[in-house]
Amino acid sequence: MKKLGATKIVACRAAARDISKEIQRNFDAGVNENRVKWKKLSAYTNLHRRWPSKPILTQTEKGRRSIKVSPLAGGGMSINIGVQYMVYHQRGAPPRLPKRSFVPERVMPKSWNEILFYHYEKTAKAIVGG
């Protein structure tokens, strides 16, 4: 039974790495955690960008690099955003800054559930020997 208790911890460790990669892929694609496209930049903002070819929220890479997905000691995961201004992008600041979320606030996205389930099942089979 102790072995099964470790399943959650090991699975969350592996899932945290994959969820972190998923967040970065979403930044590259310009989509939120549910794969819905972010609202386009205003014409004025688009005109004054330093690197117009880069996707939204990736100009300096500072914000996206500050997002850390970490496994917790007893299982579960923690998501930390190390740059304060990213909170305004996550939640939006009407009327000028539309919401461009990159992590869920209430419900875990389907893709994250699939990642977690995959690692939980894989770990359980390895521990139990099935």
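Treat the numbers as computed from the prediction; the structure is a model and nothing was measured.
Using a 4.5 Å heavy-atom cutoff, the side chains of Thr60 and Arg50 are in contact. For the pair Glu22 and Arg35, the minimum side-chain heavy-atom distance is below 4.5 Å. Leu41 is listed as a side-chain neighbour of Arg100, based on a closest heavy-atom distance under 4.5 Å.
Residue Lys68 holds its NZ atom at 12.5 Å from OG of Ser78, rounded to the nearest 0.5 Å. Atom NZ in Lys110 sits 14.5 Å away from atom CE in Met108 (nearest 0.5 Å). Distance check: Asp28 CG to Thr58 OG1 gives 7.5 Å after rounding to the nearest 0.5 Å. Residue Tyr88 holds its OH atom at 14.0 Å from CZ of Arg96, rounded to the nearest 0.5 Å. Atoms NE2 and OG1, on His119 and Thr7 in that order, are 14.0 Å from each other to the nearest 0.5 Å. To the nearest 0.5 angstrom, Asn26 atom CG is 12.0 Å from Leu57 atom CG.
Between Trp38 and Phe27, the ring planes are perpendicular. Angles over 60° get that label, and only those under 30° would be called parallel. Ring pair Tyr85/His89 is perpendicular by interplanar angle, where above 60° counts as perpendicular and below 30° as parallel.
Val10 and Met77 are members of different hydrophobic clusters when ILVMFWY side chains are connected at heavy-atom separations under 4.5 Å. One hydrophobic cluster, built from ILVMFWY side chains closer than 4.5 Å, holds both Val103 and Val69. Hydrophobic clustering (ILVMFWY, side-chain heavy atoms < 4.5 Å, transitive): Tyr118 and Leu116 are in distinct clusters. Linking Ile, Leu, Val, Met, Phe, Trp and Tyr residues whenever their side-chain heavy atoms come within less than 4.5 Å places Trp112 and Ile81 in a single cluster. The same ILVMFWY cluster, assembled from side-chain heavy atoms under 4.5 Å apart, contains both Met86 and Ile23.
Of all heavy-atom pairs spanning Cys12 and Gly76, the tightest one is SG-N, 3.1 Å. Nearest heavy-atom pair, Val107 versus Pro104, reported as atom, atom and distance to 0.1 Å: O-CB, 3.3 Å. Residues Pro98 and Lys39 approach most closely at CB-CD, 3.8 Å, considering heavy atoms.
No donor-acceptor pair closer than 3.5 Å links the side chain of Lys8 to the backbone N or O of Tyr120. Between the side chain of Asn32 and the backbone N or O of Asn34, at least one donor-acceptor pair lies under 3.5 Å. A donor-acceptor pair under 3.5 Å is formed between the side chain of Gln90 and the backbone N or O of Phe102. At least one donor-acceptor pair closer than 3.5 Å links the side chain of Arg64 to the backbone N or O of Gln24.
Atom NZ of Lys54 sits in a crowded spot, with more than 12 heavy atoms from other residues, nucleotides or ligands closer than 6.0 Å. When the shell of 6.0 Å around CZ of Arg25 is examined, it contains more than 12 heavy atoms from other residues, nucleotides or ligands.
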